[in-house]
Student: 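Sending over a structure as structure tokens; questions will come in a sec.
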Amino acid sequence: MPVGDLFKQELKVVNIGLSSFKESLDEVGATAVQVDWRPPMDVSDESRRIVAEHAEEIDAANATVMDIILRGMPQLVSLARAIDVIPGMKPNLILHAGPPITWERMCGPMRGAIIGGLIYEGKAKTPDDAEILAASGEIEYAPCHEHSTVGPMAGIVMPSMPVFVLRNEEFGNQAYCTMNEGLGKVLRYGAFASEVIEKLRWMDSVLYPVLEGAIVTTGPIDLKNLMAQALHMGDEVHNRNRAATSLLYRAMAPAIVRSCSDSKAAVEVLEFINGNDHFFLNLSMPACKVTLDAARDVPGSSVVIAMTRNGTDFGIQLSGTGDEWFVGPADVPDALFFPGYTKEDANPDIGDSSITETNGLGGFAIAASPAIVQFVGGTTSDAIQYTLEMYEIAAAENTVYQIPYLNFRGTPTGIDVVKVITKNILPFIDTGVAHREPGVGQVGAGVLTASAEPFTRAFEGLAARLAR
Amino acid sequence: MVVVGRIKKGAYFDSVTLMNVARELSYMEGVADAAVVMGTDENRAILSAADLLTSEFENSSDTDLLIGVRAETDEIAEAALIAVDELLENVRGTVDDGEAFTPRSLDGALDVVPDANLALISVAGRYAGDVAARALDRGLHVMLFSDNVPLETEVELKTRAHGLGLFVMGPDCGTAIINGVPLGFANAVNRGPIGIVAASGTGLQEVSTLVSNLGSGISQAVGTGGHDVVNAVGGVTFLDGLEALADDAETEVIVLVSKPPDGEVLDRIRKKLAKIEQPVVSVFLGTEPEGPNGCRTLAEAAFRAVTVAVGREPDGVRGLLLGGDDREAELVERIVAERSNGQRYVRALMSGGTFASEAEIVFADLGLNDVHSNVPSGRATKLDDPLRSVANTIVDLGSDEFTVGRPHPMIDYSLRVKRIAGEANDPDVAVILLDVVLGYGSNLDPASELDQVIRDAVSKVAVVCSITGTDRDPQNRRAVHEALEGAGAIIAGSNLSACRIAGLVARKLGVK
């Protein structure tokens, strides 16, 4: 193509840099778009060079990964006890949110949840006993993520706990998550008072068998379809799950009534789900997990397959870097706080729930959720800007999850760490905020930008593998 | 501390709105804590935990709004309760401003304008190469305004662009006019039959504005960046630009503007010229003109191009642009006559690098001796200290030593204003030579910048000034002309003419 073809076209300019040039172009009536450009994030020249040289390989690997992610078919298939279904689960193992961490470095809420978990399992009688046991070395800890599992906030999964079992119908892999306890004093925020344990016992003895029986009646429930509908109804299925919970309720209520012979139990279960707008969170999370896990271990891929926090560290895993965690400090979210609490009380960011953002939902889909835009500054325009910005770092656009306001454009899906680094745009996460002391519970909700360090490390880590 | 509570019956707000309102309240002077919640059991428990539960709230229902405030005094608490109404009103009244999304990258921009065809890049040099490479990947032509891009990056980019059939104009390309659209530091010129390829930004501006002011116009003006014509780069963009203009049906005359290209590049240009049908006017500043349309200066090239395009010389302006007429001779006589004893030197304080080079050539052609410059190109002696003039001096105020940490002198006149005042006080100085460059990107009111300092200077020395621009430029050439003339400056028709007047004055006074 000869260069002179430019002379035959209408000039349309992308202006990257001095905005005065854009103003001049506007003045003469030329078509021009301004780029709010920033220098790339700080990574070594060597890794930058390697990644640039392998651009085609990375693009091809990412295409494979995104094909798997977009084809994922998460379904709720049953409930079971953790020890019976979660791979590698054993009696002295406790799963937790976030990247790997030792008892010594765990934050207050996570310790509180472990204390509560040990009391719940009958391994300790008092909080003091539980703490001693937790630190004794007899108990082993592992990230939920390494066991096909996710957990909100502290994300504690004890061996005897009942969990949802999800299956990716397209690829056959499974994922697991505990049932949501509701708001107030709850284990996931590190509370371990007797009422917390009692509620967990009720969930085990009533909620679990009733739901298990109902799912036998309904058959597998298509969560992808359900979440797509919920997005059209104002959820982003991370901080807002009201629509999805309602849809699930509609799907399950007749089955609960039909399958449960004890009508008191059925009423309790229906009232519990009805009273907890976040009930679906513990399904949207494993739905994302089961979708993403199918796309692990594609060599060369720069797509984030897990992004999570344990209240101390923020960690990510890439499809192209195997089981390696890239970790940095977790930040304190910029939040709206409940009465009586301030940022001083807030624990650094915690929970596996950012798996939703990793799968193109949550903060990435906030433009679909005008009801919660005040978390991001107050106007729907802000929310739309956030989603639009996330397209910059997304490897693809979702084929099922859509933003009505953006003419049903697919949500930005698949975080590409190369784009994160070169464009200097960090993922945007919706989040709840835990009190830094164990046992207090949730103190606010808000948004935050992911920590930078895990992403620069992942970029270096990917480059190191590509250079091998 | 007091705790005050109030119920608003049946006033539903979502919890996030209420948390925002509560946060605003807690920022009020003297307010220790505040809660604004709907009256559910759960929220009453929260109020209780925060010690904000008052007796008023006992009989509240889910649809009632509860406002609790703990404050230093009753008055403050009352004020806070009143503020709630206002805050809630504002929340409901907030309207979306619907501001357009500003993309954060080239790829994001291409989502907005998928058929964009040129990236204008002015980010810091160390990043500019990557950004330009991405633009080429996405099939865009590139104008790279950024400087300090490594030569090997330039070679890489241009080699790739050439293979893809794309332009890389620059790095360090200040000016281009594509399809009538001025890019970077460019002027509002007429469209017309004359196409330009230029390795010099101000050279392109001078030729394009003179062509336009002579009543003709520009088809396309391709900037290449100054390094394009060195052997290492090989004149890739220069040659591609030349070929594109040769193939362009709108372009009847081609003008080439550059400092002297390296030998190999010049050979390639000559070879290419042999195959081109249109007449080609060339000015390679500082070399002997080649062929029938070879020129020594920018003004000459513009004049020649218009003459060829129209088929005859423009009427009555030859002397104004090129000098050598009676009017010029009379003007020089008058300036010389007005000087007092000892005044004999010219001080050229230029903002355009190419204008500084042209001044050096013109001075040499006039036989002016003892010429110094901070950027000599063979006919002047290098200044030891760019801040201190020696005898006849040319200073390019746009060169690196002056622009570190400061905008270009076409934008920021402060350094030049100071230097004009200093030179005017030198008893040896007879004439100060200036260029004023108009157009997009340049200072929007150069006349005001220069007015006072010229008024002061002309009581001691002559000030000769050229103006590069058109009447359609944002500054308006005519208005600037009148203002500077009003301040006492002698306005020449071109940089060439200004250099000749100033140079002739200095030569005459020097011989005396």
Side-chain angles (χ1 to χ4, degrees), chain A residues 1-7 9-18 20-25 27-28 30-40 48 52 55 183-184 336-342 371-375 378-381 384-385 388-389 391-392 419 422-425 444-445, chain B residues 14 16-17 19-20 22-23 33-35 37 42 46-47 49-50 52 68 94 96-99 101-113 115-124 127 131 140-141 145-146 165-167 178-179 181-184 188 220 240 243-244 247-248 440-441:
Chain A
M1 186 181 70
V3 283
D5 278 7
L6 177 63
F7 299 161
Q9 304 161 5
E10 186 199 339
L11 192 70
K12 295 188 177 181
V13 181
V14 178
N15 186 46
I16 309 168
L18 300 172
S20 60
F21 290 162
K22 162 75 161 62
E23 286 156 23
S24 302
L25 289 164
E27 216 167 292
V28 299
T31 304
V33 56
Q34 176 69 28
V35 170
D36 178 16
W37 185 88
R38 276 158 239 200
R48 208 190 301 276
L183 287 171
L336 291 174
F337 290 96
F338 296 157
Y341 298 108
T342 68
I372 60 163
V373 296
Q374 285 174 300
F375 286 125
T379 71
T380 41
S381 156
I384 291 155
Q385 300 293 318
L388 288 173
E389 193 166 304
Y391 283 107
E392 295 269 14
K419 291 182 179 173
T422 51
K423 299 186 182 183
N424 199 348
I425 302 171
Chain B
D14 66 89
V16 184
T17 297
M19 283 157 82
N20 270 308
R23 177 165 68 175
D33 199 2
V37 294
E42 199 173 55
I46 289 173
L47 289 177
L52 287 169
T94 303
D96 213 60
D97 58 3
E99 200 180 308
F101 174 65
T102 304
R104 291 281 302 272
S105 69
L106 176 73
D107 294 301
L110 289 174
D111 283 346
V112 181
V113 185
D115 56 346
N117 45 19
L118 184 136
L120 173 51
I121 300 168
S122 52
V123 304
Y127 306 113
V131 177
L140 275 77
H141 298 273
F145 181 86
S146 315
L166 296 171
F167 276 120
I178 303 296
N179 304 349
V181 177
L183 297 166
Q220 306 286 345
D240 279 352
E243 191 167 309
D247 292 342
D248 179 32
Y440 296 106

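Note on naming: letters A, B, ... go to the chains in the order of the sequence lines (proteins, then strands), and numbering restarts at 1 for each one.
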Student: Please state whether the side chain, the backbone, both or neither of Val113(B) comes within less than 4.5 Å of a heavy atom of chain A.
Tutor: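 Just the side chain, heavy atoms under 4.5 Å.
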Student: Should the pair Lys419(A)-Glu392(A) be classified as a salt bridge under the 4.0 Å nitrogen-to-oxygen rule?
Tutor: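 Salt bridge absent between Lys419(A) and Glu392(A).
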Student: As an exercise: rank Leu47(B), Asp115(B), Asp247(B) by heavy-atom pairs under 4.5 Å with chain A and give me the winner.
Tutor: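 Max contact count across the listed options: Asp115(B).
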Student: Can you confirm whether Thr31(A) sits close enough to Glu10(A) that some side-chain heavy atom of one is under 4.5 Å from a side-chain heavy atom of the other?
Tutor: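 When only atoms from C-beta onward are counted, Glu10(A) and Thr31(A) do touch, with a gap below 4.5 Å.
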Student: Side chain from CB out, backbone as N, CA, C, O: work out which of these in Asp240(B) comes under 4.5 Å of a heavy atom of chain A, or both, or neither.
Tutor: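 Both parts, heavy atoms under 4.5 Å.
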Student: For Ile46(B), is it the side chain, the backbone, both, or neither that has a heavy atom closer than 4.5 Å to a heavy atom of chain A?
Tutor: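 Just the side chain, heavy atoms under 4.5 Å.
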Student: What pairs with Phe167(B) under ring pair (Phe, Tyr, Trp, His ring centres under 6.0 Å), at least two apart in sequence or on another chain?
Tutor: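 Checked Phe167(B) against ring pair (Phe, Tyr, Trp, His ring centres under 6.0 Å); matches are His141(B).
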Student: Name the option with the most non-hydrogen atom pairs under 4.5 Å to chain B; the candidates are Val33(A), Val13(A), Leu11(A), Ile425(A).
Tutor: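 Among the listed options, the one with the most contacts to chain B is Leu11(A).
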Student: For a quick check under 3.5 Å, do Thr102(B) and Gln34(A) share a side-chain donor-acceptor pair by atom type?
Tutor: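 There is no such pair between these side chains.
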Student: For chain A, find which of Gly184(B), Ala35(B), Ala49(B) contributes the most heavy-atom pairs closer than 4.5 angstrom.
Tutor: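 Heavy-atom pairs under 4.5 Å are most numerous for Gly184(B).
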Student: Using a cut-off of under 4.5 Å for heavy-atom pairs, which of Leu18(A), Asn424(A), Leu388(A) has the most such pairs with chain B?
Tutor: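 The residue among Leu18(A), Asn424(A), Leu388(A) with the greatest pair count is Leu388(A).
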Student: Do Asp248(B) and Gln220(B) have a side chain donor and acceptor closer than 3.5 Å?
Tutor: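 No pair is found: no donor N or O on one side chain lies under 3.5 Å from an acceptor on the other.
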Student: Taking side chain as everything from C-beta outward and backbone as N, CA, C, O, which of these in Asn117(B) sits under 4.5 Å from a heavy atom of chain A? Side chain, backbone, both or neither.
Tutor: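 For Asn117(B), heavy atoms of backbone and side chain both lie under 4.5 Å from chain A.
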Student: With a 4.5 angstrom heavy-atom cut-off, could you sort out which part of Glu23(A) is near chain B: side chain, backbone, both or neither?
Tutor: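 Looking at Glu23(A), nothing touches chain B.
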Student: Can you tell if the side chain of Val123(B) reaches within under 4.5 Å of the side chain of Ile16(A), non-hydrogen atoms only?
Tutor: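 A side-chain contact under 4.5 Å exists here.
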Student: For chain A, find which of Ala22(B), Gly441(B), Ser105(B), Ala50(B) contributes the most heavy-atom pairs closer than 4.5 angstrom.
Tutor: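 Heavy-atom pair counts peak at Ser105(B).
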Student: Go through the atoms of Tyr341(A) and report whether side chain, backbone, both or neither lie under 4.5 Å from a heavy atom of chain B.
Tutor: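 For Tyr341(A), there is no contact with chain B at all, as no heavy atom is under 4.5 Å.
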Student: Counting heavy-atom pairs under 4.5 Å to chain A, which of Ser122(B), Gly68(B), Ala124(B) comes out on top?
Tutor: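 Ranked by contacts with chain A, first place is Ser122(B).
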Student: Tell me the closest heavy-atom pair linking Leu106(B) and Ala119(B), and the distance in Å.
Tutor: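 Minimum heavy-atom separation between Leu106(B) and Ala119(B): CD1-CB, 4.5 Å.
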Student: How close do Leu140(B) and Ala116(B) get, heavy atom to heavy atom, and via which atoms?
Tutor: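 Closest approach of Leu140(B) to Ala116(B), heavy atoms only: CG-O, 3.7 Å.
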Student: Mind checking whether Phe145(B) and Phe21(A) have ring centres under 6.0 Å apart?
Tutor: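 Yes - the distance between ring centres of Phe145(B) and Phe21(A) falls below the 6.0 Å cut-off.
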Student: In terms of heavy-atom pairs under 4.5 Å with chain B, which of Val28(A), Leu25(A), Leu6(A) leads?
Tutor: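 If we count pairs closer than 4.5 Å to chain B, Leu6(A) comes out on top.
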Student: Using a cut-off of under 4.5 Å on heavy-atom pairs, state which of Val112(B), Leu52(B), Val131(B) scores highest against chain A.
Tutor: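 Most heavy-atom pairs within the cutoff with chain A belong to Val131(B).
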